[in-house]
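Heads up: the structure comes next, in C-alpha coordinates.
Proteins get letters first, then strands, A, B, ... in listed order; numbering begins at 1 in each.
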Protein chains: 2
Amino acid sequence: MNKKQLQSEQTRKRIGDAARHLFVQKGYKATSIEDITAATGSSKGNIYYHFKSKEGLFLYLLDEWDRDWIAKWQEKEHRYASAAEKMYGFAEQMVNEDLNHPLTKAADEFFVGDDKTCEVEDRLAEMVANHLAFNRALIQEGIDSGEFRSGDTAGLALVLEALVVGLSQISRRSSTEQALTTYRLAIEVFLHGVAETAAVSEPER
Amino acid sequence: MNKKQLQSEQTRKRIGDAARHLFVQKGYKATSIEDITAATGSSKGNIYYHFKSKEGLFLYLLDEWDRDWIAKWQEKEHRYASAAEKMYGFAEQMVNEDLNHPLTKAADEFFVGDDKTCEVEDRLAEMVANHLAFNRALIQEGIDSGEFRSGDTAGLALVLEALVVGLSQISRRSSTEQALTTYRLAIEVFLHGVAETAAVSEPER
DNA sequence: GATAATCCTGAACTTTCGTTCAGTATCTTA
DNA sequence: TAAGATACTGAACGAAAGTTCAGGATTATC
(Lines give C-alpha, C1' and ligand atoms only; values in the text may rest on other atoms or scores of the structure.)
Protein backbone atom coordinates (compact mmCIF):
# COMPACT_ATOMS: atom_id res chain seq x y z
CA MET A 1 0.00 0.00 0.00
CA ASN A 2 1.11 3.48 -0.95
CA LYS A 3 2.06 6.14 1.54
CA LYS A 4 -0.62 8.29 -0.04
CA GLN A 5 -3.21 5.58 0.16
CA LEU A 6 -2.28 4.86 3.74
CA GLN A 7 -2.51 8.52 4.65
CA SER A 8 -5.85 8.81 2.90
CA GLU A 9 -7.21 5.80 4.69
CA GLN A 10 -6.00 7.06 8.05
CA THR A 11 -7.62 10.48 7.71
CA ARG A 12 -10.75 8.87 6.43
CA LYS A 13 -10.82 6.73 9.54
CA ARG A 14 -9.91 9.67 11.77
CA ILE A 15 -12.77 11.73 10.39
CA GLY A 16 -15.14 8.80 10.58
CA ASP A 17 -14.34 8.00 14.19
CA ALA A 18 -14.65 11.60 15.35
CA ALA A 19 -17.86 12.11 13.41
CA ARG A 20 -19.46 8.92 14.71
CA HIS A 21 -18.62 9.88 18.27
CA LEU A 22 -20.10 13.34 17.80
CA PHE A 23 -23.22 12.04 16.06
CA VAL A 24 -23.82 9.63 18.93
CA GLN A 25 -23.17 12.31 21.52
CA LYS A 26 -24.99 15.28 20.05
CA GLY A 27 -27.24 13.93 17.35
CA TYR A 28 -27.17 14.48 13.59
CA LYS A 29 -28.31 18.08 13.17
CA ALA A 30 -26.52 19.38 16.26
CA THR A 31 -23.20 18.09 14.97
CA SER A 32 -21.77 20.61 12.51
CA ILE A 33 -19.03 20.07 9.98
CA GLU A 34 -16.98 22.54 11.98
CA ASP A 35 -17.43 20.40 15.09
CA ILE A 36 -15.87 17.57 13.12
CA THR A 37 -13.02 19.70 11.82
CA ALA A 38 -12.35 20.84 15.40
CA ALA A 39 -12.27 17.24 16.60
CA THR A 40 -9.99 16.02 13.81
CA GLY A 41 -7.77 18.98 12.95
CA SER A 42 -8.68 18.47 9.32
CA SER A 43 -10.17 21.30 7.31
CA LYS A 44 -13.72 21.55 6.00
CA GLY A 45 -12.54 20.96 2.48
CA ASN A 46 -10.78 17.80 3.47
CA ILE A 47 -13.96 16.30 4.82
CA TYR A 48 -15.61 17.00 1.49
CA TYR A 49 -12.62 15.51 -0.28
CA HIS A 50 -13.16 12.20 1.52
CA PHE A 51 -16.94 12.25 1.78
CA LYS A 52 -19.63 13.38 -0.62
CA SER A 53 -21.65 15.33 1.95
CA LYS A 54 -22.70 15.37 5.57
CA GLU A 55 -25.51 13.01 4.72
CA GLY A 56 -23.11 10.78 2.81
CA LEU A 57 -20.73 10.72 5.74
CA PHE A 58 -23.53 9.73 8.09
CA LEU A 59 -24.75 7.04 5.77
CA TYR A 60 -21.24 5.67 5.36
CA LEU A 61 -20.84 5.51 9.14
CA LEU A 62 -24.15 3.77 9.53
CA ASP A 63 -23.18 1.11 7.01
CA GLU A 64 -19.72 0.60 8.46
CA TRP A 65 -21.01 0.57 12.01
CA ASP A 66 -23.69 -1.96 11.23
CA ARG A 67 -21.26 -4.29 9.46
CA ASP A 68 -18.70 -4.09 12.27
CA TRP A 69 -21.35 -4.66 14.87
CA ILE A 70 -22.73 -7.75 13.22
CA ALA A 71 -19.24 -9.11 12.60
CA LYS A 72 -18.20 -8.63 16.23
CA TRP A 73 -21.41 -10.21 17.38
CA GLN A 74 -21.22 -13.26 15.17
CA GLU A 75 -17.65 -13.79 16.30
CA LYS A 76 -18.67 -14.36 19.89
CA GLU A 77 -22.29 -15.40 19.61
CA HIS A 78 -21.43 -19.11 19.61
CA ARG A 79 -19.65 -18.72 22.94
CA TYR A 80 -22.90 -18.13 24.77
CA ALA A 81 -24.72 -21.24 25.95
CA SER A 82 -28.21 -19.82 26.55
CA ALA A 83 -30.43 -17.06 25.25
CA ALA A 84 -30.11 -15.36 28.63
CA GLU A 85 -26.33 -15.34 28.39
CA LYS A 86 -26.59 -13.98 24.88
CA MET A 87 -28.59 -11.06 26.16
CA TYR A 88 -25.92 -10.16 28.67
CA GLY A 89 -23.34 -10.44 25.94
CA PHE A 90 -25.55 -8.27 23.77
CA ALA A 91 -25.67 -5.61 26.50
CA GLU A 92 -21.94 -5.76 27.03
CA GLN A 93 -21.18 -5.26 23.35
CA MET A 94 -23.55 -2.32 23.22
CA VAL A 95 -21.79 -0.61 26.09
CA ASN A 96 -18.38 -1.27 24.61
CA GLU A 97 -19.35 -0.12 21.13
CA ASP A 98 -19.92 3.57 21.72
CA LEU A 99 -22.77 2.87 24.14
CA ASN A 100 -25.02 2.02 21.24
CA HIS A 101 -26.37 -0.34 18.76
CA PRO A 102 -26.17 1.20 15.33
CA LEU A 103 -29.18 3.33 14.60
CA THR A 104 -30.08 5.03 17.83
CA LYS A 105 -30.41 8.68 18.61
CA ALA A 106 -28.76 10.21 15.59
CA ALA A 107 -30.25 7.68 13.24
CA ASP A 108 -33.70 8.14 14.71
CA GLU A 109 -33.41 11.89 14.32
CA PHE A 110 -32.15 11.41 10.80
CA PHE A 111 -35.10 9.14 10.15
CA VAL A 112 -37.66 11.76 11.12
CA GLY A 113 -35.96 14.57 9.21
CA ASP A 114 -37.78 15.60 6.05
CA ASP A 115 -34.79 16.22 3.79
CA LYS A 116 -33.63 12.64 3.38
CA THR A 117 -32.93 11.02 0.06
CA CYS A 118 -34.78 7.94 -1.15
CA GLU A 119 -31.56 5.97 -0.90
CA VAL A 120 -31.22 6.96 2.74
CA GLU A 121 -34.83 6.18 3.48
CA ASP A 122 -34.52 2.69 2.04
CA ARG A 123 -31.26 2.01 3.82
CA LEU A 124 -32.67 3.10 7.17
CA ALA A 125 -35.85 1.10 6.75
CA GLU A 126 -33.73 -1.95 5.97
CA MET A 127 -31.63 -1.41 9.09
CA VAL A 128 -34.66 -1.03 11.32
CA ALA A 129 -36.09 -4.24 9.92
CA ASN A 130 -32.80 -6.09 10.48
CA HIS A 131 -32.65 -4.71 13.96
CA LEU A 132 -36.06 -5.95 14.94
CA ALA A 133 -35.44 -9.29 13.26
CA PHE A 134 -32.32 -9.66 15.40
CA ASN A 135 -34.34 -9.09 18.56
CA ARG A 136 -37.07 -11.45 17.41
CA ALA A 137 -34.55 -14.21 16.71
CA LEU A 138 -32.97 -13.76 20.13
CA ILE A 139 -36.33 -13.96 21.88
CA GLN A 140 -37.56 -16.84 19.77
CA GLU A 141 -34.42 -18.74 20.68
CA GLY A 142 -35.21 -18.26 24.36
CA ILE A 143 -38.74 -19.48 23.84
CA ASP A 144 -37.63 -22.52 21.86
CA SER A 145 -35.10 -23.49 24.51
CA GLY A 146 -37.74 -23.17 27.20
CA GLU A 147 -36.03 -20.27 28.94
CA PHE A 148 -38.73 -17.76 28.12
CA ARG A 149 -42.47 -17.97 28.31
CA SER A 150 -43.96 -18.19 24.85
CA GLY A 151 -45.99 -15.16 23.92
CA ASP A 152 -46.03 -12.19 21.59
CA THR A 153 -42.55 -12.48 20.11
CA ALA A 154 -42.88 -9.49 17.82
CA GLY A 155 -44.20 -7.38 20.68
CA LEU A 156 -41.39 -8.43 22.96
CA ALA A 157 -38.89 -7.59 20.25
CA LEU A 158 -40.32 -4.07 20.23
CA VAL A 159 -40.08 -3.86 24.01
CA LEU A 160 -36.47 -5.00 23.92
CA GLU A 161 -35.77 -2.45 21.22
CA ALA A 162 -37.33 0.28 23.31
CA LEU A 163 -35.23 -0.75 26.27
CA VAL A 164 -32.05 -0.65 24.21
CA VAL A 165 -32.86 2.71 22.65
CA GLY A 166 -33.77 4.18 26.01
CA LEU A 167 -30.72 2.82 27.75
CA SER A 168 -28.40 4.27 25.17
CA GLN A 169 -30.13 7.60 25.52
CA ILE A 170 -29.96 7.92 29.28
CA SER A 171 -26.48 6.42 29.48
CA ARG A 172 -25.03 8.98 27.11
CA ARG A 173 -23.85 11.17 29.93
CA SER A 174 -22.59 8.48 32.30
CA SER A 175 -19.37 6.47 32.56
CA THR A 176 -18.84 3.10 30.95
CA GLU A 177 -18.96 1.31 34.30
CA GLN A 178 -22.18 3.04 35.31
CA ALA A 179 -23.69 2.24 31.94
CA LEU A 180 -22.70 -1.40 32.13
CA THR A 181 -24.31 -1.70 35.56
CA THR A 182 -27.56 -0.18 34.35
CA TYR A 183 -27.58 -2.28 31.18
CA ARG A 184 -27.03 -5.46 33.21
CA LEU A 185 -29.81 -4.58 35.61
CA ALA A 186 -32.11 -3.82 32.71
CA ILE A 187 -31.39 -7.16 31.04
CA GLU A 188 -31.89 -8.85 34.39
CA VAL A 189 -35.31 -7.27 34.75
CA PHE A 190 -36.18 -8.12 31.17
CA LEU A 191 -35.12 -11.74 31.63
CA HIS A 192 -37.10 -12.10 34.81
CA GLY A 193 -39.96 -10.49 32.95
CA VAL A 194 -40.01 -13.06 30.19
CA ALA A 195 -38.72 -16.05 32.15
CA GLU A 196 -40.55 -19.35 32.07
CA THR A 197 -39.72 -20.10 35.70
CA ALA A 198 -39.38 -17.53 38.48
CA ALA A 199 -35.66 -18.18 38.82
CA VAL A 200 -33.40 -16.96 36.06
CA SER A 201 -29.69 -17.68 35.99
CA GLU A 202 -27.58 -14.66 36.87
CA PRO A 203 -24.69 -13.67 34.64
CA GLU A 204 -21.10 -14.68 35.36
CA ARG A 205 -19.13 -11.56 36.12
CA MET B 1 -62.84 38.37 29.46
CA ASN B 2 -62.24 40.62 26.48
CA LYS B 3 -62.61 39.52 22.91
CA LYS B 4 -58.99 40.56 22.42
CA GLN B 5 -57.84 38.66 25.46
CA LEU B 6 -59.77 35.59 24.41
CA GLN B 7 -58.34 35.75 20.92
CA SER B 8 -54.86 36.19 22.31
CA GLU B 9 -55.22 33.23 24.60
CA GLN B 10 -56.58 31.07 21.81
CA THR B 11 -53.72 31.87 19.46
CA ARG B 12 -51.23 31.31 22.24
CA LYS B 13 -52.76 27.91 22.83
CA ARG B 14 -52.93 27.15 19.13
CA ILE B 15 -49.25 27.96 18.68
CA GLY B 16 -48.31 26.05 21.83
CA ASP B 17 -50.18 22.92 20.84
CA ALA B 18 -48.75 22.86 17.34
CA ALA B 19 -45.24 23.56 18.58
CA ARG B 20 -45.35 20.89 21.27
CA HIS B 21 -46.56 18.35 18.75
CA LEU B 22 -43.78 19.26 16.34
CA PHE B 23 -41.11 19.27 19.04
CA VAL B 24 -42.19 15.80 20.14
CA GLN B 25 -42.31 14.57 16.57
CA LYS B 26 -39.17 16.09 15.08
CA GLY B 27 -37.07 17.25 18.01
CA TYR B 28 -36.06 20.76 19.01
CA LYS B 29 -33.54 21.77 16.34
CA ALA B 30 -35.33 20.08 13.50
CA THR B 31 -38.49 22.03 14.22
CA SER B 32 -38.22 25.45 12.62
CA ILE B 33 -40.30 28.51 13.34
CA GLU B 34 -41.59 28.20 9.82
CA ASP B 35 -42.76 24.66 10.54
CA ILE B 36 -44.81 26.11 13.35
CA THR B 37 -46.22 28.91 11.21
CA ALA B 38 -47.18 26.32 8.60
CA ALA B 39 -48.95 24.24 11.22
CA THR B 40 -50.83 27.16 12.76
CA GLY B 41 -51.43 29.58 9.91
CA SER B 42 -50.00 32.35 12.05
CA SER B 43 -47.11 34.44 10.81
CA LYS B 44 -43.55 34.38 12.13
CA GLY B 45 -44.01 37.75 13.73
CA ASN B 46 -47.08 36.58 15.58
CA ILE B 47 -45.14 33.81 17.26
CA TYR B 48 -42.65 36.38 18.47
CA TYR B 49 -45.48 38.57 19.62
CA HIS B 50 -46.70 35.82 21.94
CA PHE B 51 -43.38 34.24 22.87
CA LYS B 52 -39.99 35.69 23.62
CA SER B 53 -38.00 33.31 21.45
CA LYS B 54 -37.86 29.72 20.26
CA GLU B 55 -36.07 28.76 23.43
CA GLY B 56 -38.63 30.65 25.48
CA LEU B 57 -41.47 28.90 23.70
CA PHE B 58 -39.91 25.53 24.36
CA LEU B 59 -39.30 26.34 28.00
CA TYR B 60 -42.87 27.55 28.38
CA LEU B 61 -44.18 24.32 26.89
CA LEU B 62 -41.97 22.26 29.15
CA ASP B 63 -43.25 24.03 32.24
CA GLU B 64 -46.89 23.86 31.18
CA TRP B 65 -46.61 20.28 30.11
CA ASP B 66 -44.98 19.21 33.35
CA ARG B 67 -47.60 20.97 35.46
CA ASP B 68 -50.49 19.51 33.48
CA TRP B 69 -48.99 16.07 33.62
CA ILE B 70 -48.50 16.07 37.36
CA ALA B 71 -51.99 17.50 37.90
CA LYS B 72 -53.61 14.86 35.70
CA TRP B 73 -51.65 12.16 37.44
CA GLN B 74 -52.42 13.25 40.96
CA GLU B 75 -56.07 13.42 40.05
CA LYS B 76 -56.29 9.73 39.33
CA GLU B 77 -53.39 8.30 41.28
CA HIS B 78 -55.58 7.49 44.29
CA ARG B 79 -57.85 5.38 42.12
CA TYR B 80 -55.19 2.72 41.68
CA ALA B 81 -55.07 0.08 44.40
CA SER B 82 -51.57 -1.34 43.81
CA ALA B 83 -48.21 -0.23 42.50
CA ALA B 84 -48.71 -2.54 39.54
CA GLU B 85 -51.99 -0.88 38.66
CA LYS B 86 -50.35 2.51 38.99
CA MET B 87 -47.79 1.52 36.42
CA TYR B 88 -50.45 0.59 33.90
CA GLY B 89 -52.14 3.90 34.62
CA PHE B 90 -48.79 5.58 34.17
CA ALA B 91 -48.36 3.95 30.76
CA GLU B 92 -51.87 4.87 29.70
CA GLN B 93 -51.41 8.51 30.60
CA MET B 94 -48.15 8.63 28.70
CA VAL B 95 -49.76 7.31 25.56
CA ASN B 96 -52.68 9.68 25.86
CA GLU B 97 -50.53 12.72 26.56
CA ASP B 98 -48.74 13.07 23.24
CA LEU B 99 -47.10 9.67 23.59
CA ASN B 100 -44.67 11.07 26.10
CA HIS B 101 -43.77 12.05 29.54
CA PRO B 102 -42.54 15.61 29.55
CA LEU B 103 -38.86 15.77 28.80
CA THR B 104 -38.19 13.13 26.23
CA LYS B 105 -36.64 13.41 22.83
CA ALA B 106 -36.75 17.15 22.29
CA ALA B 107 -35.83 17.89 25.89
CA ASP B 108 -32.99 15.41 25.78
CA GLU B 109 -31.69 16.98 22.60
CA PHE B 110 -32.11 20.40 24.14
CA PHE B 111 -30.20 19.16 27.14
CA VAL B 112 -27.18 18.14 25.09
CA GLY B 113 -27.16 21.30 22.97
CA ASP B 114 -24.33 23.68 23.81
CA ASP B 115 -26.18 26.97 23.44
CA LYS B 116 -28.51 26.68 26.41
CA THR B 117 -28.99 29.38 29.02
CA CYS B 118 -28.25 28.84 32.71
CA GLU B 119 -31.94 29.22 33.47
CA VAL B 120 -32.77 26.49 31.01
CA GLU B 121 -30.03 24.25 32.30
CA ASP B 122 -31.29 24.55 35.88
CA ARG B 123 -34.90 24.01 34.88
CA LEU B 124 -34.03 20.88 32.92
CA ALA B 125 -31.85 19.45 35.67
CA GLU B 126 -34.71 19.99 38.09
CA MET B 127 -37.13 18.20 35.80
CA VAL B 128 -34.84 15.24 35.33
CA ALA B 129 -34.43 14.93 39.08
CA ASN B 130 -38.18 15.09 39.63
CA HIS B 131 -38.67 12.54 36.93
CA LEU B 132 -36.35 10.00 38.49
CA ALA B 133 -37.75 10.70 41.95
CA PHE B 134 -41.21 9.90 40.59
CA ASN B 135 -39.99 6.54 39.31
CA ARG B 136 -38.18 5.78 42.55
CA ALA B 137 -41.28 6.52 44.61
CA LEU B 138 -43.39 4.28 42.40
CA ILE B 139 -40.94 1.42 42.71
CA GLN B 140 -40.41 1.92 46.43
CA GLU B 141 -44.15 1.74 46.90
CA GLY B 142 -44.20 -1.61 45.17
CA ILE B 143 -41.40 -2.88 47.35
CA ASP B 144 -43.04 -1.64 50.54
CA SER B 145 -46.34 -3.27 49.65
CA GLY B 146 -44.57 -6.54 48.93
CA GLU B 147 -45.44 -6.54 45.23
CA PHE B 148 -41.86 -6.11 44.06
CA ARG B 149 -38.67 -7.77 45.16
CA SER B 150 -36.56 -5.38 47.18
CA GLY B 151 -33.37 -4.41 45.42
CA ASP B 152 -31.58 -1.53 43.78
CA THR B 153 -34.41 1.01 43.75
CA ALA B 154 -32.37 3.78 42.15
CA GLY B 155 -31.12 1.39 39.48
CA LEU B 156 -34.62 0.16 38.74
CA ALA B 157 -35.80 3.75 38.49
CA LEU B 158 -33.18 4.27 35.78
CA VAL B 159 -34.28 1.13 33.97
CA LEU B 160 -37.90 2.24 34.08
CA GLU B 161 -36.85 5.64 32.79
CA ALA B 162 -34.95 4.01 29.94
CA LEU B 163 -37.97 1.94 29.07
CA VAL B 164 -40.21 5.00 29.03
CA VAL B 165 -37.81 7.04 26.95
CA GLY B 166 -37.29 4.20 24.50
CA LEU B 167 -40.99 3.44 24.19
CA SER B 168 -41.80 7.04 23.39
CA GLN B 169 -39.07 7.05 20.79
CA ILE B 170 -40.08 3.93 18.90
CA SER B 171 -43.79 4.66 19.24
CA ARG B 172 -43.48 8.05 17.61
CA ARG B 173 -44.40 6.69 14.24
CA SER B 174 -47.15 4.32 15.29
CA SER B 175 -50.83 4.73 16.08
CA THR B 176 -52.21 5.32 19.56
CA GLU B 177 -53.64 1.82 19.76
CA GLN B 178 -50.39 0.23 18.65
CA ALA B 179 -48.48 2.34 21.15
CA LEU B 180 -50.81 1.47 23.98
CA THR B 181 -50.40 -2.24 23.24
CA THR B 182 -46.61 -1.98 23.26
CA TYR B 183 -46.59 0.14 26.42
CA ARG B 184 -48.83 -2.36 28.21
CA LEU B 185 -46.67 -5.26 27.15
CA ALA B 186 -43.57 -3.40 28.31
CA ILE B 187 -45.07 -2.67 31.71
CA GLU B 188 -46.15 -6.29 31.93
CA VAL B 189 -42.59 -7.45 31.29
CA PHE B 190 -41.21 -4.91 33.74
CA LEU B 191 -43.68 -5.97 36.45
CA HIS B 192 -42.87 -9.63 35.94
CA GLY B 193 -39.24 -8.64 36.06
CA VAL B 194 -39.47 -6.99 39.45
CA ALA B 195 -42.26 -9.12 40.91
CA GLU B 196 -41.88 -10.74 44.30
CA THR B 197 -43.84 -13.81 43.23
CA ALA B 198 -43.89 -15.38 39.79
CA ALA B 199 -47.52 -14.44 39.25
CA VAL B 200 -48.31 -10.78 38.71
CA SER B 201 -51.83 -9.51 38.37
CA GLU B 202 -52.78 -8.58 34.84
CA PRO B 203 -54.38 -5.22 34.14
CA GLU B 204 -58.12 -4.81 33.79
CA ARG B 205 -58.84 -3.76 30.25
C1' DG C 1 14.24 15.95 -11.58
C1' DA C 2 9.85 16.96 -14.10
C1' DT C 3 5.18 16.04 -14.53
C1' DA C 4 1.08 14.20 -12.84
C1' DA C 5 -1.80 12.54 -9.22
C1' DT C 6 -3.30 12.89 -4.73
C1' DC C 7 -4.15 15.12 -0.34
C1' DC C 8 -5.31 19.09 1.91
C1' DT C 9 -6.40 24.19 3.08
C1' DG C 10 -9.30 28.10 4.03
C1' DA C 11 -11.81 31.72 2.19
C1' DA C 12 -16.06 32.58 -0.14
C1' DC C 13 -20.74 31.34 -1.60
C1' DT C 14 -25.48 29.75 -0.66
C1' DT C 15 -29.13 28.31 2.01
C1' DT C 16 -31.51 27.99 6.16
C1' DC C 17 -33.34 29.82 10.19
C1' DG C 18 -34.03 32.70 14.26
C1' DT C 19 -35.19 37.32 14.99
C1' DT C 20 -36.68 42.12 14.27
C1' DC C 21 -39.59 45.85 12.87
C1' DA C 22 -42.32 49.13 10.30
C1' DG C 23 -46.78 49.02 9.09
C1' DT C 24 -51.87 47.30 8.97
C1' DA C 25 -56.15 45.56 10.86
C1' DT C 26 -59.08 44.87 14.70
C1' DC C 27 -60.86 45.89 19.01
C1' DT C 28 -61.42 48.74 23.43
C1' DT C 29 -62.23 52.78 25.77
C1' DA C 30 -63.66 57.25 26.80
C1' DT D 1 -66.63 58.15 16.80
C1' DA D 2 -61.88 59.31 17.62
C1' DA D 3 -57.74 57.86 19.84
C1' DG D 4 -55.21 54.45 21.75
C1' DA D 5 -54.24 49.59 22.72
C1' DT D 6 -53.83 45.09 21.10
C1' DA D 7 -53.17 41.42 17.61
C1' DC D 8 -51.06 40.37 13.56
C1' DT D 9 -48.34 40.46 8.91
C1' DG D 10 -44.47 39.67 5.97
C1' DA D 11 -40.34 41.52 4.20
C1' DA D 12 -35.69 42.10 5.61
C1' DC D 13 -31.51 41.25 8.44
C1' DG D 14 -27.81 38.62 10.36
C1' DA D 15 -25.74 34.64 12.12
C1' DA D 16 -24.84 29.83 11.44
C1' DA D 17 -23.99 25.88 8.78
C1' DG D 18 -23.41 23.02 4.43
C1' DT D 19 -20.92 23.21 0.26
C1' DT D 20 -17.62 24.62 -3.35
C1' DC D 21 -13.32 25.89 -5.35
C1' DA D 22 -8.85 27.85 -6.64
C1' DG D 23 -4.67 26.94 -5.22
C1' DG D 24 -0.76 25.06 -2.26
C1' DA D 25 1.73 20.96 -0.31
C1' DT D 26 3.06 16.28 -0.63
C1' DT D 27 3.81 12.05 -2.88
C1' DA D 28 3.92 8.86 -6.97
C1' DT D 29 5.44 7.88 -11.66
C1' DC D 30 8.36 8.22 -15.50
Side-chain angles (χ1 to χ4, degrees), chain A residues 1-20 22-23 25-61 106 109-110 112-117 119-120, chain B residues 1-20 22-23 25-61 106 109-110 112-117 119-120:
Chain A
M1 177 175 287
N2 251 342
K3 187 172 177 182
K4 277 277 191 210
Q5 289 174 311
L6 183 72
Q7 189 179 18
S8 197
E9 194 170 285
Q10 279 176 341
T11 35
R12 203 178 162 80
K13 178 166 167 26
R14 196 159 40 91
I15 292 172
D17 287 342
R20 182 176 49 240
L22 284 167
F23 282 141
Q25 200 87 13
K26 308 182 56 173
Y28 178 73
K29 274 226 169 178
T31 301
S32 66
I33 301 291
E34 242 180 52
D35 286 338
I36 301 174
T37 65
T40 57
S42 287
S43 65
K44 276 188 172 189
N46 199 22
I47 291 175
Y48 281 87
Y49 176 75
H50 288 283
F51 298 95
K52 184 161 145 273
S53 62
K54 189 186 177 186
E55 180 175 309
L57 168 56
F58 185 76
L59 208 54
Y60 167 82
L61 288 177
E109 184 195 338
F110 200 76
V112 188
D114 23 27
D115 46 353
K116 54 187 175 297
T117 324
E119 181 203 354
V120 176
Chain B
M1 178 174 286
N2 251 343
K3 186 171 178 183
K4 278 276 192 210
Q5 288 174 314
L6 183 72
Q7 188 180 19
S8 198
E9 195 170 284
Q10 280 175 341
T11 336
R12 207 178 159 81
K13 179 164 167 28
R14 194 159 42 93
I15 292 172
D17 287 343
R20 182 176 50 241
L22 284 167
F23 282 140
Q25 200 88 15
K26 307 183 57 174
Y28 178 73
K29 275 225 172 184
T31 301
S32 65
I33 300 291
E34 244 180 50
D35 286 338
I36 301 174
T37 67
T40 57
S42 287
S43 66
K44 277 189 173 189
N46 200 21
I47 291 175
Y48 282 85
Y49 176 77
H50 288 284
F51 299 96
K52 185 161 146 274
S53 62
K54 189 187 178 186
E55 182 176 306
L57 168 57
F58 185 74
L59 208 54
Y60 167 82
L61 288 177
E109 182 196 339
F110 202 76
V112 188
D114 23 27
D115 46 354
K116 57 185 173 294
T117 322
E119 181 203 352
V120 176

Nearest-nucleotide pick for [X], side chain only, options being [options]:
X: A:Y49; options: C:dC7, C:dC17, D:dT20; result: C:dC7
X: A:K54; options: C:dC7, D:dT19, C:dC8; result: D:dT19
X: B:I33; options: D:dC8, D:dT19, C:dG18; result: C:dG18

Check the distance between [N]'s [atom2] and [X]'s [atom1] and give it to me in whole angstrom.
X: A:Q10; N: C:dC7; atom1: CD; atom2: C1'; value: 13 Å
X: B:R12; N: D:dC8; atom1: CZ; atom2: P; value: 12 Å
X: A:I15; N: D:dG18; atom1: CD1; atom2: P; value: 14 Å
X: B:R14; N: D:dC8; atom1: CZ; atom2: C1'; value: 11 Å
X: B:I36; N: C:dT19; atom1: CD1; atom2: C1'; value: 13 Å
X: A:D35; N: D:dT19; atom1: CG; atom2: P; value: 14 Å
X: A:Q5; N: C:dT6; atom1: CD; atom2: C1'; value: 10 Å
X: A:K13; N: C:dC7; atom1: NZ; atom2: C1'; value: 19 Å

Closer than 4.0 Å, any side-chain N/O of [X] to the OP1 or OP2 of [N]?
X: A:S8; N: C:dT6; result: no
X: B:Y48; N: C:dT20; result: no
X: B:S32; N: C:dT16; result: no

Which pair of non-hydrogen atoms, one from [X] and one from [Y], has the smallest distance, and what is that distance?
X: A:A19; Y: A:L61; value: CB-CD1, 3.9 Å
X: B:A39; Y: B:L22; value: CB-CD1, 4.1 Å
X: A:I36; Y: A:T31; value: CG1-CG2, 4.1 Å
X: B:S42; Y: B:T37; value: O-CB, 3.2 Å

(request) Report yes or no: is the cationic atom of B:R12 (NZ for Lys, CZ for Arg) closer than 6.0 Å to the six-membered ring centre of B:F51, at no more than 45° off its axis? (result) yes
(request) Identify whether NZ of Lys or CZ of Arg in A:K54 sits under 6.0 Å from the centre of the six-membered ring of A:Y28 and within 45° of that ring's axis. (result) yes
(request) Apply side-chain contact (heavy atoms from CB on, under 4.5 Å) to A:I47 and A:K44, showing your working. (result) CA-CA 5 Å; A:I47 291 175; A:K44 276 188 172 189; 5.9 Å; no
(request) Nearest-nucleotide wise, let me know which of B:E34 and A:H50 is further upstream toward the 5' end of DNA chain C. (result) A:H50
Can you pull every protein N or O that's under 3.5 Å from an N or O on nucleotides 23-26 of chain C?
from: C:dT26; atom 1: O2; to: B:K4; atom 2: NZ; distance (Å): 2.7

(message) I'd like to know if the side chain of A:S8 reaches the main chain of A:Q5, judged simply by a donor and an acceptor atom lying under 3.5 Å from each other, with no hydrogens or angles considered.
(response) no
(request) Using atom types as modelled and distance alone, determine if a side-chain donor or acceptor of A:R14 lies under 3.5 Å from a backbone N or O of A:T40. (result) yes
(message) Distance check, rounded to the nearest 0.5 Å: B:R20 atom CZ versus B:D17 atom CG?
(response) 5.0 Å
(message) Can you list, in residue-number order, the parts of residues 37-47 of chain B that come under 4.0 Å of DNA chain C, counting heavy atoms only?
(response) B:K44, B:G45
